[in-house]
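Letters A, B, ... mirror the listed sequences (proteins, then strands); counts begin at 1. Heavy atoms only: backbone and side chains are in, while hydrogens, waters and symmetry mates are out.
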There are 2 protein chains.
Amino acid sequence: MQQQKLATIEDVAAIAGVSIATVSRAINEPTKVADATRRRVNEAVARTGYTTNAMARSLRMRRSNMILILAPDVGDPNFSNILVGLETEASKRGYGVLIGNTQNDPERESDYLRFINSNQADGLILFTGHLPYGVGAGEEGGTRLPPMVAVNEPVTNSAVPYVGVDNFEGARIAAEHLISQGHRRIAFIGHSTTKAVNGLREQGYRAALAGAGLSIDPRLILDGDGTTESGRAATEQMFVRDVLPTAFLCVNDATALGVIISLNARKYDLPREFSVMGFDDISFASFVTPSLTTMKQPRLKIGEEAMDLLLALLAGEQPARTEVLLRSELIVRNSVSRAARE
Amino acid sequence: MQQQKLATIEDVAAIAGVSIATVSRAINEPTKVADATRRRVNEAVARTGYTTNAMARSLRMRRSNMILILAPDVGDPNFSNILVGLETEASKRGYGVLIGNTQNDPERESDYLRFINSNQADGLILFTGHLPYGVGAGEEGGTRLPPMVAVNEPVTNSAVPYVGVDNFEGARIAAEHLISQGHRRIAFIGHSTTKAVNGLREQGYRAALAGAGLSIDPRLILDGDGTTESGRAATEQMFVRDVLPTAFLCVNDATALGVIISLNARKYDLPREFSVMGFDDISFASFVTPSLTTMKQPRLKIGEEAMDLLLALLAGEQPARTEVLLRSELIVRNSVSRAARE
DNA sequence: ATGGATCATGAAAACCTTTACATCTTCGGT
DNA sequence: ACCGAAGATGTAAAGGTTTTCATGATCCAT
């Protein structure tokens with residue numbers, strides 16, 4: 001009683017006076033069917049309100065037109081915007097997106113693989129930075145990975161195609177911006193040996209300084225894991241050591257926020273006394289005081305490109321490149337001013 | 001070559017030396033099968049790595065164990081946390097979640113209904129505040145709506161079950177908090193005749209004032225659509241009119257942010273000269289200066305409850321209530337101080 | 001006319017389950 | 001010793017498509 005028995009392809013066939021095979025063809029390969037018949041079929045479809053049953057179709061075709069998105073944290077500010085891009089492109093191409101929030105729990109990761117195994121999803125988008133636990137287990141011989149594309153973070157030690165921002169280039173542009181404002185003592189907050197993203201951004205920072213003929217003071221490079229708290233802690237540490245920069249280049253906006261909070265608490269007048277830059281342009285970057293000058297990640301584009309690449313993979317194409325790097329954009333706000341001192 | 005022909009129920013049956021019906025039963029209704037057989041089947045399953053093909057299962061059973069989540073804007077700060085709750089509960093119960101970003105586009109809304117029509121999704125979670133375009137079209141007689149639950153915003157003019165925060169009560173608590181700090185001239189920013197949420201929160205504000213024997217000054221109630229810009233504009237308008245409160249109760253955090261930006265720009269010392277409260281506790285509420293005192297929505301809980309309710313509906317149960325209201329929590333930060341003047 | 005393409009269509013298999021119904025065992029009670 | 005009930009298993013249908021292969025029809029070139 002819930003649904004009044006939807007029309008099937010047989011109903012349509014009966015009304016149009018053709019076989020179900022012809023109906024199927026009229027819908028999926030219209031050119032393969034005579035004009036007159038096609039019209040009759042279309043009319044019958046309209047009359048019955050027929051839509052093809054996706055389950056039956058998937059069963060037969062062994063593909064679901066679904067993409068599984070695996071993310072460790074759906075709340076991540078980077079996530080939602082990339083998701084919009086992913087979803088937009090997917091739906092434009094007739095695909096649906098399934099989302100799995102793994103919280104980095106191996107069990108949940110492997111649990112979600114059932115979607116792949118049972119053909120409920122044709123491909124995978126990975127936000128996690130690593131292969132889901134349980135995938136590629138028996139991959140000694142030929143890799144038997146499902147089609148997938150990494151996003152946000154590349155998958156370590158693997159050939160999984162990745163689309164993301166050019167972190168090196170972006171950080172270089174950021175550092176050059178600070179240099180162009182007369183800063184010569186620029187700190188980098190967010191050194192990390194484990195996070196690939198942090199490493200690349202630090203490289204960009206170093207390249208910019210080297211390019212400007214500035215020497216790198218190792219005391220101005222501080223550890224950080226990308227959290228607001230790490231930015232705060234690093235700043236406090238600088239004051240303890242009393243080795244101060246004129247500008248802070250932070251590995252991301254969250255870190256920059258920590259720096260700003262710390263400096264505000266110390267009653268410094270920003271950006272007059274210290275300049276701060278972030279990276280990402282997450283939503284609150286424009287709301288902080290002072291509003292944050294940062295590098296904007298083209299998240300929508302990242303999502304679209306990633307989905308596009310995945311669908312190409314699904315279509316059997318070999319990816320042209322295993323890494324697609326998009327350019328970030330300098331967003332000038334109020335957290336950077338000309339260096340007031342050496 | 002992509003996948004090496006997954007094991008089917010027939011393979012398992014052959015190995016275990018039973019019929020496929022028995023295998024199916026051994027898996028789905030273990031008690032209906034003799035212990036010895038069950039063991040043999042389990043062993044065969046383990047050996048083949050068999051997982052049941054969800055497509056075939058769905059086709060036969062006419063249910064997909066999928067829930068479609070329709071949201072107008074995946075980027076909405078309220079969205080992601082509720083989503084976590086939805087997803088957690090769904091996956092705990094063996095359901096997957098499909099997400100559809102509609103951008104309030106009627107075409108996209110009705111397009112997504114194909115998931116429901118073709119049994120690709122069993123139920124619907126609505127963030128949109130209205131029925132998807134195309135649903136309930138022929139509902140003159142008996143309503144033929146798919147099982148669904150509204151979240152974030154109730155569906156206007158309908159009996160769609162809703163789970164959300166108690167806006168009236170929350171706003172009342174917020175206003176009482178301001179009153180308890182000695183404020184007697186409290187503005188409400190975010191009056192709206194079209195948004196149900198705004199209306200309820202305004203009612204809570206009025207109730208609190210009335211309860212404290214304070215008269216309501218209509219000049220202190222300003223329009224607002226819940227955007228940061230509307231908060232800024234309302235504040236500016238107050239200064240133009242020169243009718244000033246000692247505290248601002250805002251319909252949500254985004255609005256409160258606009259108020260704070262405006263007051264900061266006018267160089268007021270917050271919270272000494274003006275107190276500001278928001279509603280929602282979105283992520284940047286703690287990062288603003290001054291950090292925002294607000295009412296926290298139990299988003300995780302909302303998501304879980306909503307999914308729980310939907311799954312109950314799916315199981316054929318009649319919902320006990322058509323509206324589940326959860327309590328919000330007062331989060332005291334630094335944007336409210338005792339009233340310094342009358 | 002005739003032979004061979006080309007084109008339009010139909011019959012039926014295959015995709016993989018779940019489940020109603022039938023069959024066969026087994027067992028307890030008389 | 002027999003009957004009936006209960007329990008375990010198997011057979012086959014149904015769920016709704018897509019697609020291979022076969023069949024007929026049409027058409028063009030010889």
Length of the line joining A:L59:CG and D:dT18:C1', which is rounded to integer Å: 10 Å

Integer-rounded Å distance: D:dT17 P and A:N65 CG: 15 Å

Spacing between A:K32 atom NZ and C:dT9 atom P, to the nearest angstrom: 13 Å

What is the distance from CG of A:D11 to P of D:dT17, rounded to the nearest Å? 9 Å

All N/O pairs under 3.5 Å across the protein-nucleotides 4-6 of chain C interface:
none

Distance in angstrom units between A:I27 CD1 and D:dT17 P, rounded: 8 Å

For B:K92, is there an ion pair with B:E89 - N to carboxylate O distance below 4.0 angstrom? yes

Which residues share a salt bridge (charged side-chain N to carboxylate O under 4.0 Å, His left out) with A:R40, sequence neighbours left out: none

Could I get the full list of salt bridge (charged side-chain N to carboxylate O under 4.0 Å, His left out) partners for B:D111, not counting sequence neighbours? B:R114

Starting at atom CD of B:Q120, determine the distance to atom P of D:dG16, rounded to an integer number of angstrom. 15 Å

If the condition is salt bridge (charged side-chain N to carboxylate O under 4.0 Å, His left out), which residues does A:E153 pass it with, not counting sequence neighbours? none

Would you tabulate the nitrogen or oxygen pairs shorter than 3.5 Å linking the protein to nucleotides 19-26 of chain D?
from   : atom 1 : to    : atom 2 : distance (Å)
D:dT19 : O4'    : A:R60 : NH2    : 3.3

Note: contacts of residues 34-58 of chain B with DNA chain D (heavy atom, under 4.0 Å) are B:A34, B:T37, B:A56

Distance in angstrom units between A:R63 CZ and C:dC16 P, rounded: 16 Å

Starting from P on C:dC15, measure out to CD on B:E10 and report it in whole angstrom. 9 Å

